[in-house]
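Structure, as structure tokens:
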There are 2 protein chains.
Amino acid sequence: MTKPSLRTVPSTRKPRAGRVKGAGRAPVPDIASALRERIATQEIAPGSKLRENELALEFGVPRTRVREALAVLEQRGLVQRIPNRGAVVIRLELSQVTHLYDVREVLEGLCARLATVNGDPARWQSTLAHFRGPMARYVAEGDIDSYIADYEAFRRELITSARNPVLANMLDSILERTQALIRRIIILPGRAELGLRQHTALLEAMCSGDADKAEQLRRENMRSAKDFLERYRKYIL
Amino acid sequence: MTKPSLRTVPSTRKPRAGRVKGAGRAPVPDIASALRERIATQEIAPGSKLRENELALEFGVPRTRVREALAVLEQRGLVQRIPNRGAVVIRLELSQVTHLYDVREVLEGLCARLATVNGDPARWQSTLAHFRGPMARYVAEGDIDSYIADYEAFRRELITSARNPVLANMLDSILERTQALIRRIIILPGRAELGLRQHTALLEAMCSGDADKAEQLRRENMRSAKDFLERYRKYIL
DNA sequence: GTAGACATTTTTGTTGACAGGTTTGTGCCG
DNA sequence: CGGCACAAACCTGTCAACAAAAATGTCTAC
């Protein structure tokens, strides 16, 4: 019943290359990354249709390349493609998020263990200090952005230190799919404070070279994140 | 000042080109599966080049479809694609296998735990009996094929019972990449016997509903498999 | 006899066009 | 006034031809 007002480009062709984004030639990985970014930031809402022609026009690339990028995103679990109907952004159900967090728990645990085993303990001292000092202040002052940014850096450092490309790839895949949520979890009452304590404990275990404990602590951390998520699911999903 | 490519005049008429043979139409996933199978069985050796034209001809499909299939295989980590040089089957280094097994350890552990939690304990009684009876006989008699087949069935049952699609997908991904190895690991001296004992112990834990123990036992099982692999690496890789 | 330059062939990368299916808009009939 | 059938527009799936790059083969010069 809704009048389909203003469909873009009624009859006038775009005469010039009106490429809004990258000028000429964007490689497939770049297109996939750009799309991934938009999905993560919810610039493209879950459930939206991704029209190939539209994207091809915007990026100024042939449709085939957009198609390849969509195939990558499908393999990565970010979009769902229905034959002859196109690609839509995956809508996160609670069950799906639970599945992701169950897997993430053991993978992050492994990551913490490997990072502890691989590096020398002294390496994490400065990070521990950072969590005890500035990070604690961020939490106390409610500077969520700084806290998230530095936490992400720490997480990346863990992955790098683990030196396991397979693990890194899988963790990336999970992060891509849950990134839209972390900001909403972290502002839950008490979550940041608990997380901070847990990260500090983890770093202490890592500094003392106790890999088993590091793994266990990291897993507990993930489990508690999942608990928060399930408890406050109404406010998040 | 990009000169827009001149619009081609549709002068050539296509006389409904008939397909030469009954060479059917294979969808992209089928081609990917076929290739995956060949890689797993080493019908295509690691390091081989996969020529698009060749495969297109063999499958009786246009080259584009082979190309898509190769893209899937690349995302799955089974082949490596170098720009302008084509796709080659990944060659497994020991370090890579170690990485895969480290990740597999925690994922299989999670799988065992979830399978224990989700199903009722009685469900695994018959499987336990199967491992104590026929499976033990297979090992004693050296009937490796039957042993592997039934073990694979058990493994799939675990994955199904875990009811976690994310986990299932990742375990599949790992299996695809290591499948060429399992047969060689299992024939190592003492491996099958140890594995049998470990699987039996795992099933006992599952029957008693002890999820934590199940996870731990499964992880030990994987770790010992990795140990065998590293000890006998000369004979395997 | 070998190394290097050039020509040929093979293989991959890219593009636009066409065909089939789905959604959307419109008119007719109950 | 609402629902159904039909037609148009749109979108995706598919394909074969074209262009560029790499690999291969050949010949010549030293």
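Residue numbering restarts at 1 for every chain, and letters A, B, ... go by the order of the sequence lines. As a basis for the values below, the full set of heavy atoms in this structure was taken, side chains included, without hydrogen atoms, waters or symmetry mates.
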Rounded to the nearest Å, what distance is computed from the [atom1] atom of residue [X] to the [atom2] atom of nucleotide [N]?
X: N53(B); N: dA21(D); atom1: CG; atom2: C1'; result: 15 Å
X: E68(A); N: dT14(D); atom1: CD; atom2: P; result: 14 Å
X: E74(A); N: dT12(D); atom1: CD; atom2: C1'; result: 13 Å
X: E54(B); N: dT10(C); atom1: CD; atom2: P; result: 13 Å
X: R81(A); N: dC11(D); atom1: CZ; atom2: P; result: 16 Å
X: L70(A); N: dG13(D); atom1: CG; atom2: P; result: 9 Å
X: R67(A); N: dT15(C); atom1: CZ; atom2: P; result: 16 Å
X: R65(A); N: dT12(C); atom1: CZ; atom2: P; result: 18 Å

Exercise. So which heavy atom on R76(A) is nearest to which on R177(A), and how close?
Worked result: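 Looks like O-NE, 3.5 Å.
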Closest nucleotide among [options] to the [X] side chain:
X: R51(B); options: dC15(D), dT12(D), dT12(C); value: dT12(C)
X: E52(B); options: dC15(D), dT12(C), dT15(C); value: dT12(C)
X: R63(B); options: dA17(D), dG13(D), dT15(C); value: dA17(D)
X: P62(B); options: dA17(C), dA16(D), dC11(D); value: dA16(D)

Exercise. Between T64(A) and A87(A), who's closer to the 5' end of DNA chain D by nearest nucleotide?
Worked result: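 By nearest-heavy-atom nucleotide position, the 5'-most residue is A87(A).
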Find every protein N or O atom lying less than 3.5 Å from an N or O atom of nucleotides 21-23 of chain C, and list the pairs.
{"residue": "dT23(C)", "atom": "OP1", "partner": "R85(A)", "partner atom": "NE", "Å": "2.6"}
{"residue": "dT23(C)", "atom": "OP1", "partner": "R85(A)", "partner atom": "NH2", "Å": "3.3"}

For this session: Please give the angle, rounded to 10 degrees, between the axes at the start and the end of the helix from dG1(C)-dC30(D) to dG30(C)-dC1(D), where five pairs define each axis.
Result: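 That helix gives 10° between its end axes.
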Exercise. Between R36(B) and S33(B), do the side chains contain an N or O donor and an N or O acceptor separated by less than 3.5 Å?
Worked result: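 Result is yes, a qualifying pair exists.
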Exercise. If you measure only the distance, is there a donor-acceptor pair under 3.5 Å linking the side chains of T178(B) and R104(B)?
Worked result: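 No, because no side-chain N or O of T178(B) sits under 3.5 Å from a partner of the opposite role on R104(B).
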If you measure from the Lys or Arg side-chain nitrogens to the Asp or Glu carboxylate oxygens, is any gap between [X] and [Y] under 4.0 Å?
X: R218(B); Y: E215(B); value: no
X: R63(B); Y: E68(B); value: no
X: D145(A); Y: R183(A); value: yes

For this session: Anything under 30° is parallel, anything over 60° is perpendicular, the rest tilted; go ahead and classify Y147(B) against Y151(B).
Result: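 Y147(B) vs Y151(B) ring planes: parallel.
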Problem set entry | Rounded distance (nearest 0.5 Å) linking atom CG of L229(A) with atom CG of L94(A) |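 So the gap between those two atoms works out to 6.5 Å.
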For this session: For atom CZ of R223(B), decide whether the heavy atoms of other residues, nucleotides or ligands shown that lie under 6.0 angstrom number more than 12.
Result: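 More than 12 heavy atoms, drawn from other residues, nucleotides or ligands, come within 6.0 Å of this atom.
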